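One structure is given below, encoded as structure tokens.
The figures that follow rest on heavy atoms only: side chains count, while hydrogens, waters and symmetry mates do not. Throughout, protein chains are lettered first and strands after them, A, B, ... in sequence-line order, and every chain is numbered starting at 1. Everything quoted here is computed from the prediction, not taken from an experiment.
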Amino acid sequence: MPELPEVETMCRGLDCVVGGRIIAAEFPRSRVRPLAVEPGPALLCRRITGRTLAAVRRRGKRVVLELAGDDRSIDPLWLAIEPRMTGLMLVAEPPSPEHVRLVLEFDHGRRTVDRPRRVLFWDRRGLGTITLYDRAGLEAACGGVKLGPDGLEVTGVELASRLGRSRRAVKPALLDQRAVAGIGNIYAAEILFRVGIDPRSLCRRLPAEAWERIASAARSVLAEAVRFEGSSIGDETYRTADNRVGRFQHRHRVYGRADLPCLTCSQPIVRIVQTQRATFFCPQCQRRPGSRRRT
DNA sequence: CGTTCAACCTGGGCGC
DNA sequence: TGCGCCCAGGTTGAAC
């Protein structure tokens, strides 16, 4: 589920809690298997209780809560939540009680009215992760070695230098978070449609100019998707923190549109599988820049 | 080294 | 109704 635009929307939806103090943290018991928590549920709860939420930031597809100590002399900690496929950050009621993975209870702070008192992490499949970091740990896990430049700011030069010599097809390459952070299966397809490049094109055969177009499309598609608060597909899917559906799915040109007519040329959209993931594209509108054009 | 692949999970939808 | 299979927005570590 959540890619850059959805995670960015989650983060913005938690801004209303910034400044609050965590008075309780809990990993509810449930029939479903627990997800990965570092350094373990009990210790994590102990270490974050009493801290103040100083900021909410996004690192790639993670929500990162900056937790300040009571005292200026105490270093902050960072709680990184990785929603993976089905995770949601909520200030609203969860879709189901049994998949609530983490509950953070906040005091009222100075603003007493309209501030949510609880933040939930809800995750149906349980593939998500919750990790508490110190400064060095955060940098090691979410820093420039692990994550490439953010998709909202990536440049053609950066993409060309990171992927230009790769033997991979361009679409799976765009999912590599070390090359560019935040692009997932939906937005990779939408970006390549908008630049008219076949997802099977080999990276090393793309000219420098193609990387400029891809980077530009990545920035604009992701920014537009953020404005539309992400993509909600089907029931029990991505929601904003206050439980509204995203609206970018109405602007998808290829993702999920197998066999439907291309909105540009009316030819059917094709679904293929690349590295175990579905890829949607228009064979008419999307070409391989490195190969010969048919006449 | 670079790239691919099975595995981690739950649950909805579909064909039989 | 029920069963078995396929599918799903992601990432990791082992295997080629």
Stem list for DNA chain B, please, built from Watson-Crick and G-U wobble pairs under 3.5 Å and keeping only runs of at least 3.
B:2-8 with C:10-16, B:10-16 with C:2-8

For A/Tyr187, report the nucleic acid contact type (base, sugar-phosphate, nothing); a contact means any heavy atom under 4.0 Å.
nothing

Report the distance from atom CG of A/Leu35 to atom P of B/dC8, rounded to the nearest whole Å.
16 Å

Base, sugar-phosphate or nothing for A/Arg271? Non-hydrogen atoms, less than 4.0 Å.
sugar-phosphate

Return yes if a side-chain donor-acceptor contact under 3.5 Å exists between A/Trp211 and A/Ser161, otherwise no.
no

When we call it a touch if two heavy atoms are under 4.0 Å apart, what does A/Gln276 touch: a base, just sugar-phosphate, or nothing?
base

Give the rounded distance in Å between these two atoms: CZ of A/Arg277 and C1' of C/dT11.
9 Å

Is the CZ atom of A/Arg247 crowded by more than 12 outside heavy atoms at less than 6.0 Å?
yes

Check the distance between B/dT4's C1' and A/Leu202's CG and give it to me in whole angstrom.
15 Å

Given B/dG11, B/dT4, C/dA8, which nucleotide is nearest the side-chain atoms of A/Glu98?
B/dG11

Find the distance A/Ile81:CD1 to C/dT11:C1' and express it as a whole number of Å.
17 Å

For A/Glu98, I'd like to know if atom CD has over 12 heavy atoms of other residues, nucleotides or ligands within 6.0 Å.
yes

Under 4.0 Å, counting only non-hydrogen atoms across every strand here, what does A/Ser232 touch: a base, just sugar-phosphate, or nothing?
base

So A/Tyr187 and A/Phe248, would you call those rings parallel, tilted or perpendicular, with 30° and 60° as cut-offs?
tilted

Roughly how many Å apart are C/dC7 and B/dC5, using the P atom of each and rounding to a whole number?
15 Å

Backbone N/O of A/Asn185 and side chain of A/Glu3: donor-acceptor pair under 3.5 Å:
yes

Looking only at the side chain of A/Arg125 (C-beta and beyond, no hydrogens), which of the listed nucleotides C/dT12, C/dG9, B/dT10 gets closest?
B/dT10

Atom-pair distance (CD1 on A/Ile186; P on C/dG9), nearest Å:
7 Å

In whole angstrom, give the distance that lies between atom CG of A/Leu127 and atom P of B/dC8.
11 Å

Among C/dG9, B/dT10, C/dT11, the one nearest A/Arg124 by side-chain distance
B/dT10

Any side-chain N or O of A/Lys61 below 4.0 angstrom from OP1/OP2 of C/dG9?
no

So, are A/Glu209 and A/Arg213 salt-bridged, with charged N and O less than 4.0 Å apart?
yes

Does A/Arg168 pair with A/Asp176 as a salt bridge, N-O distance under 4.0 Å?
yes

Does a side-chain N-to-carboxylate-O contact under 4.0 Å join A/Arg84 and A/Asp123?
no

Starting at CG of A/Leu88 and ending at P of C/dA8, how long is that distance when rounded to a whole Å?
19 Å

A/Val226 with A/Leu174, same ILVMFWY side-chain cluster at under 4.5 Å
yes

Looking for any heavy atom pair under 4.0 Å, which part of the strands does A/Gln177 touch: base, sugar-phosphate only, or nothing?
sugar-phosphate

When all nucleic acid strands are considered with a 4.0 Å heavy-atom cut-off, which category describes A/Ala36: base, sugar-phosphate, or nothing?
nothing

Contact class for A/Gly126 (heavy atom, under 4.0 Å): base, sugar-phosphate, or nothing?
nothing

Within less than 4.0 Å of OP1 or OP2 of B/dG11, is there a side-chain N or O belonging to A/His99?
yes

Atom CZ of A/Arg219 with >12 non-hydrogen neighbours under 6.0 angstrom
yes

Residues from residues 161-175 of chain A lying under 4.0 Å of DNA chain B - heavy atoms:
A/Ser166, A/Arg167, A/Arg168

Taking atom C1' of C/dA8 as reference, at what distance in whole Å does atom CG of A/Asp123 sit?
13 Å

Could you verify whether a donor N or O on one side chain and an acceptor N or O on the other, from A/Thr279 and A/Gln274, lie under 3.5 Å apart?
yes

Would you classify A/Thr129 as touching base, sugar-phosphate or nothing, given that sugar-phosphate means primed atoms plus P, OP1 and OP2, and contacts are heavy atoms under 4.0 Å?
nothing

If you go through the side-chain atoms of A/Thr86, does one of them form a donor-acceptor pair with the base of B/dG11 closer than 3.5 Å?
no

